[in-house]
Amino acid sequence: MANCVRMPMASSLCCSSSASVAHSSKRRSFGATNSAKIPMPPINPKDPFLSRLASLAATSPDTLLNRPKNSDTPPFLDVFDSPTLMATPAQVERSVSYNEHRPRRPPPDLPSLLLHGRIVYIGMPLVPAVTELIVAELMYLQWMDPKEPIYLYINSTGTTRDDGETVGMETEGFAIYDAMMQLKNEIHTVAVGAAIGQACLLLSAGSKGKRFMMPHAKAMIQQPRVPSSGLMPASDVLIRAKEVIINRDILVKLLAKHTGNSEETVANVMKRPFYMDSTRAKDFGVIDKILWRGQEKVMSDAAPPEEWDKNAGIKVLDAM
């Protein structure tokens, strides 16, 4: 009877010990599995490379943990069946987490960006290369749309440098002027910085009511200068001098036409360099308006003429 009682107890003890051993081994194996599990980062569904890594980490993490140390391929690129590299870094598709707005190609040059907004910028003296570019841009903008206005920004010393040295012939300014006059579009001219000599002519040649100037810009008109004669014969120097006089007379006529002054007035002020700030240029007729911040709000707050007359007690008589 005692033997019969002892045997089940021993077997139960054996069974319980074996069960605890099995349970502990399962617990150890479960812990090992957890330790081998790779934390899942946030996945971008549009990135095939990260999606592939995430699925591989979830199914077989040993592939990512037990990797060869001296591999010839870049990290984690061998998980694909046939890994290939892009030819250049610019062709690599960036993920959203890096920069989704990164351009895929280099931007165009600045004159092209301005031309897309129908803006032509003269920021150099009027040398042949500048004249060629400006005339070509004006012709192109008219071909694109002959009804939309063209915005001509001017910051140029004309055909001379700021120290008076001649860098281009007077015909450079006349070429741009003739191109402006042939266009069907309205041309809005804006002076920024300086508009000297022929550049001042271009500023005044804009469409009436559409000629502007920045508050601290400068305009200046002066007589054309004779280029350096060097070792030229006296007869050639005389021919050049006569040509400069002709160009001066043409410049006087054009400035008088666009500013509304007489030719005598323009010729008198051109005897010496005639500098004008924005206010003086407006009074002389070179521009129509001065651009300054807050001008739109002041103009919108101004009362109309009828209200001014009413407040002043002026009554408008009906037509007889």
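Sequential numbering from 1 along the given sequence is applied to the chain's residues.
- When all heavy atoms of G193 and N155 are compared, the pair lying nearest together is CA-OD1, 3.6 Å.
- Ring to ring, F274 and F284 are close: their centroids are under 6.0 angstrom apart.
- Listed for the R118 side chain is a donor-acceptor partner under 3.5 Å among the backbone atoms of L141.
- With rounding to the nearest 0.5 Å, the separation of CG in L202 from CE in M180 is 5.5 Å.
- Nearest heavy atoms, A179 versus L138: CB-CD1, 4.3 Å.
- For the residue pair T259/N261, the side-chain donor-acceptor check at 3.5 Å is satisfied.
- Between H258 and Y177, the ring centre distance stays below 6.0 Å.
- Heavy-atom neighbours of K147 NZ from other residues, nucleotides or ligands within 6.0 Å: at or below the threshold of 12.
- A donor-acceptor pair is defined here as one N or O able to donate and one able to accept, closer than 3.5 Å; no such pair exists between the side chain of S207 and the backbone of K210.
- Side chain of R211 to main chain of H188: no donor-acceptor pair is present (N/O by atom type, distance under 3.5 Å, no hydrogens or angles).
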| message | If you apply the rule side chain to side chain donor-acceptor pair (under 3.5 Å), what do you find for T160 with T157, and how did you get there? | response | CA-CA 6 Å; T160 60; T157 57; 5.3 Å; no

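- If you check the side chains of E172 and T159, you find no donor sitting under 3.5 Å from an acceptor.
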